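Structure, as structure tokens:
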Amino acid sequence: MKQETRKILAEVFDDLTSSWEKEKKVAYGDDLVLLGSNSIFDSMDLVNFISDIEVKISDVENKEITLVSETAFSKQRSPFKSMETLGNFIDELLAEGGGE
Amino acid sequence: MVIAITGSRKGIGCNLAEHYLEQGHTVIGCSREMSDLKTPGYTHFQVDVSDEQSVNEWVKNIRSEFKSVDVLINNAGVASMNHFMLTPTSTARRLMDINYFGTYYCTRAFVNLLRKSANPRIINFTTVAVPLVQAGDLTYVTAKTAIEALTKVLAKELAQFKITVNAVGPSAVDTDLTSHLGHKRLEALLEKQAINRIGTFADVSNVTDFFISPQSDFVTGQIIYLGGIN
């Protein structure tokens, strides 16, 4: 993924996890799992994370993307598997000009 | 406050726009056609709320000027009255598309703008036709019932963003929506109310004022019907 995208993901992740208890906290990494039994997020955290990313990208890149879309669910490999796959998906959406 | 109102070209939507403009708020309205409302503080967009792309384009345009929105009033809606056996399926789908999915698409598109508000509010529109469950109202009642369910579930799902979600259910108000009712049917409707009079725009804005008040931040998932129907 692009470095700018990684920076956005890391900043949003750090903001979201800043209120987590010490034992639960982890550092940002591209390999962090977002979905499934090994996910670092519960469902509410994931909702907040996705929404926060959309807002951050709107503020930083001045572009609107919708992460939860037909495009996302039509992919063979889920973009939400890890930070890496999510970052790559965001780069695709930004290159296309949106997320519909 | 910045208040977005769908279906603001006429009827209750137009009246709510004028009401909040008089209070000094900024109002962003939309409808499928252009609006005659030229009051300073009002911006109008042509949007088809049943078209998700049209709604997303609207919000994209809003975002270029406004960093946040405080209130979303999902007023746009249409009605239909006919026996089930005389209602084309296309009509049923159209009512669901405009009434329910219009509310759904607008809510989804506005959430990120509402999150930036200190007192974010969503107000949906249902109708007294839901509790009255009268023959002839199937397509309208089912679409509005879906909006009521959306209101209650969203109240829980959006609470984490401090967004309250409530609905107002007007009784018959003198608009295009009720103009086809006819005198006899209108009289029969008014008889079912605890207070037997036709509703006014002020009756509706009285409820929306309550919902959007900063003091109402503990009121969510509620449906208020007018005229004493429940």
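Below, read A as the first sequence line, B as the second, and so on, with proteins coming before strands; counting in each chain starts at 1. Everything numeric in this text was worked out from a predicted model, so none of it was measured.
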side-chain hydrogen bond (donor to acceptor under 3.5 Å, both in side chains): which pairs involve residues 76-94 of chain B, sequence neighbours left out?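 Every pair satisfying side-chain hydrogen bond (donor to acceptor under 3.5 Å, both in side chains) with a residue in residues 76-94 of chain B: there are none.
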Side-chain ([X]) to main-chain ([Y]) donor-acceptor, under 3.5 angstrom:
X	Y	value
T6(B)	A76(B)	yes
N88(A)	M1(A)	yes
S216(B)	I212(B)	no

By number, which residues in residues 25-58 of chain A have some heavy atom less than 4.5 Å away from chain B?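 Within residues 25-58 of chain A, the residues that come under 4.5 Å of chain B (heavy atoms only) are M44(A), V47(A), N48(A), S51(A), D52(A), E54(A), V55(A), S58(A).
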Within residues 112-128 of chain B, which residues come under 4.5 Å of chain A, heavy atom to heavy atom?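 The list, in residue order, reads N112(B), R115(B), K116(B).
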Could you tell me how the ring of F80(A) sits relative to the ring of F89(A): parallel (under 30°), tilted (30 to 60°) or perpendicular (over 60°)?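 The arrangement is perpendicular - the two ring planes meet at more than 60°.
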Polar side chain donor-acceptor pair, E84(A) to S82(A), under 3.5 angstrom: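 Their side chains do not contain a donor-acceptor pair, so the 3.5 Å distance test is not met.
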Distance-only donor-acceptor check, side chains N15(B) and S205(B), under 3.5 Å: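 No, no side-chain donor-acceptor contact under 3.5 Å.
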In this structure, which one of I73(B), V71(B), T26(B) forms a side-chain contact (heavy atoms from CB on, under 4.5 Å) with Y20(B)?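 Only match with Y20(B) under side-chain contact (heavy atoms from CB on, under 4.5 Å): I73(B).
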Contacts of type ring pair (Phe, Tyr, Trp, His ring centres under 6.0 Å), residue Y105(B), not counting sequence neighbours: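 Checked Y105(B) against ring pair (Phe, Tyr, Trp, His ring centres under 6.0 Å); matches are F101(B).
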